[in-house]
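Sequence lines set the chain letters: A, B, ... in the order given, protein chains first and strands last, and positions in each chain run from 1.
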Protein chains: 2
Amino acid sequence: MKPSHLPENHLEAWRRYYVSFWRIFASIEADLQAAGLPSLSWYDALYELYLAPDRHLRMSELARSALLSRSGLTRLVDKLEKEKLLERKSCPKDGRVQHAVLTDKGVELLRKMWPVYRAGIAKHFAAHLSDAEAKSIIAAFTRLGAALEKKCADVKATP
Amino acid sequence: MKPSHLPENHLEAWRRYYVSFWRIFASIEADLQAAGLPSLSWYDALYELYLAPDRHLRMSELARSALLSRSGLTRLVDKLEKEKLLERKSCPKDGRVQHAVLTDKGVELLRKMWPVYRAGIAKHFAAHLSDAEAKSIIAAFTRLGAALEKKCADVKATP
DNA sequence: ATTTTTTAGTTGCATACGCAACTTCTCTTC
DNA sequence: GAAGAGAAGTTGCGTATGCAACTAAAAAAT
């Protein structure tokens, strides 16, 4: 493994990608805050639950999906549970496992946040992309995501 | 301004872009930490100074370039100054202004971090992109960055 | 020329997050 | 089946960061 060769184009692509991300992200967060809504990290976690079968996930699965450390997720779930947006349920089959289960109130919050989030994506991101560019991004980052997943799996498999 | 129309492709592009970013970012930060080096935010700030004429910038310019709030930048500069990576100089022409000036030690740190950073970009980002995709990303995000800059300027200009 | 407004930067406070240590439970090994 | 290894979550602690309030300096208004 020695791919430290980095063509100028790819480096420039990284720079643009990197700074754009922070600006877009900050703009969307600002829109949410201006609308009196919680931040994207709440949305991410609730949405992953929404997608999951029976709207429930183990804590560590949710941590991975929501791009958080396990401890970070514990705190986030504490807050979400306090707001009744989800519930913790102990798993009957494995006493170590906790499940986070989305509540109706959680779904309701997703429905309130989505229009603002969608508008933010449209305004700060999508409006500036051609359809071809969007497709190119999908292709590239789908592949990239798969490769990173695989790398994680490999690391786990070779201790 | 009512571009809340969001085609499915563009939404999917956002999703891929968003999760990929966090994974790549976390991987690169992990590489830096594993090498005993400071985090990307230090690199970003020092590198912006490195690029600037005479290697100096006003605090608020640096904050904008380094993607931080002004208060966040104050704390960061506190730490960088404590490590002698830069110096604060009061501006003789305007008593309110402070300049951050990169030191040789700061340049040295940039030189130490860059190989690790470059390898991270290559491994976690560039290795998975074709040349055409890199070019497409440059085009798209250059345009997007310009549009966001302009939007900032507009906001400033219409109080 | 004095007052008011605006700007640049800093600080108090609150929040969000990760790492490492810990607890509890399960699985493996003998 | 008891002991050790491993896994899932939680908690202590340190750090990073933003917002709002503050200070100091310059610019604008009178």
Side-chain angles (χ1 to χ4, degrees), chain A residues 22-23 25-34 36-45 56-83 86-101 155-157 159, chain B residues 22-23 25-34 36-45 56-83 86-101 155-157 159:
Chain A
W22 288 116
R23 300 236 140 95
F25 182 71
S27 300
I28 293 178
E29 289 278 25
D31 289 352
L32 287 169
Q33 189 168 340
L37 292 168
S39 81
L40 269 187
S41 61
W42 287 36
Y43 187 90
D44 289 341
H56 78 148
L57 281 175
R58 307 158 63 130
M59 301 292 273
S60 35
E61 290 173 325
L62 185 53
R64 200 168 40 79
S65 310
L67 310 161
L68 279 174
S69 69
R70 282 179 313 174
S71 61
L73 185 88
T74 292
R75 319 297 170 109
L76 179 58
V77 167
D78 288 347
K79 291 166 218 152
L80 296 174
E81 190 174 30
K82 198 165 292 174
E83 299 292 329
L86 56 73
E87 288 169 1
R88 274 188 176 88
K89 303 252 196 205
S90 310
C91 176
K93 312 205 166 189
D94 186 335
R96 295 168 297 182
V97 172
Q98 295 276 38
H99 286 227
V101 187
V155 170
K156 265 194 162 179
Chain B
W22 287 117
R23 301 218 193 270
F25 182 71
S27 300
I28 292 176
E29 288 279 24
D31 289 351
L32 287 169
Q33 189 168 341
L37 293 167
S39 81
L40 269 186
S41 61
W42 286 36
Y43 187 90
D44 289 342
H56 78 147
L57 282 174
R58 308 158 61 130
M59 299 295 270
S60 35
E61 292 172 325
L62 185 53
R64 201 169 38 78
S65 310
L67 309 160
L68 278 174
S69 69
R70 281 180 315 174
S71 60
L73 186 87
T74 293
R75 319 298 169 106
L76 179 57
V77 168
D78 287 346
K79 290 166 220 153
L80 296 174
E81 190 174 30
K82 197 164 294 173
E83 298 292 330
L86 55 74
E87 287 169 4
R88 272 186 177 88
K89 304 249 196 209
S90 312
C91 176
K93 313 203 165 186
D94 186 334
R96 295 168 297 182
V97 171
Q98 296 275 37
H99 287 245
V101 188
V155 168
K156 266 195 163 178

Below 3.5 Å between N/O atoms, which protein atoms pair up with nucleotides 19-21 of chain C? Just atom names and distances, please.
{"residue": "C:dC19", "atom": "N4", "partner": "A:Ser71", "partner atom": "OG", "Å": "2.7"}

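- Between the CZ atom in A:Phe25 and the CG atom in B:Leu67 there is a gap of 12.5 Å [rounded to 0.5 Å].
- The interatomic distance linking B:Leu57 (CG) with C:dG9 (P) rounds to 11 Å, in whole Å.
- Nearest-nucleotide positions on DNA chain C for B:Leu73 and A:Lys93 put B:Leu73 closer to the 5' end.
- At the heavy-atom level, A:Ser60 lies under 4.0 Å from the strands shown only through sugar-phosphate atoms.
- One atom, NZ of B:Lys82, and another, P of C:dT10, lie 13 Å apart when rounded to the nearest Å.
- Straight-line distance from the CZ atom of A:Arg88 to the P atom of D:dG9: 10 Å, rounded to whole Å.
- Closest approach of B:Ala66 and B:Ala45 over heavy atoms only: CB-CA, 4.1 Å.
- The aromatic rings of A:His99 and A:His56 sit tilted, their planes meeting at an angle between 30° and 60°.
- Rounded to an integer number of Å, the gap from B:Trp22 CH2 to C:dA16 P is 14 Å.
- The interatomic distance linking A:Leu76 (CG) with D:dT10 (P) rounds to 12 Å, in whole Å.
- When rounded to the nearest whole Å, the span between CD of B:Glu29 and P of C:dC17 equals 15 Å.
- Here the P atom of nucleotide D:dG18 and the CZ atom of A:Phe25 are 11 Å apart, to the nearest Å.
- Regarding contacts with the backbone of C:dA16, a side-chain N or O of A:Lys79 is found under 4.0 angstrom from either OP1 or OP2.
- With B:Arg88 as the partner, the side chain to side chain contact (heavy atoms under 4.5 Å, CB included) test is satisfied by one option alone out of B:Asp78, B:Val101, B:Leu80: B:Asp78.
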Verdict with reasoning, A:Ser90 to A:Gln98, per side-chain contact (heavy atoms from CB on, under 4.5 Å): CA-CA 5 Å; A:Ser90 310; A:Gln98 295 276 38; 3.3 Å; yes

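- The closest donor-acceptor contact from the side chain of A:Glu29 to the backbone of A:Leu40 lies under 3.5 Å.
- Expressed to the nearest 0.5 Å, how far CE of B:Met59 lies from CG of B:Leu76 amounts to 9.0 Å.
- Not one side-chain nitrogen or oxygen of B:Ser39 sits closer than 4.0 Å to the OP1 or OP2 atom of D:dA16.
- Checking the phosphate oxygens (OP1, OP2) of D:dT23, no side-chain nitrogen or oxygen of B:Arg96 falls inside 4.0 Å.
- Between the CZ atom of B:Arg64 and the P atom of C:dG9 there is a distance of 12 Å, rounded to whole Å.
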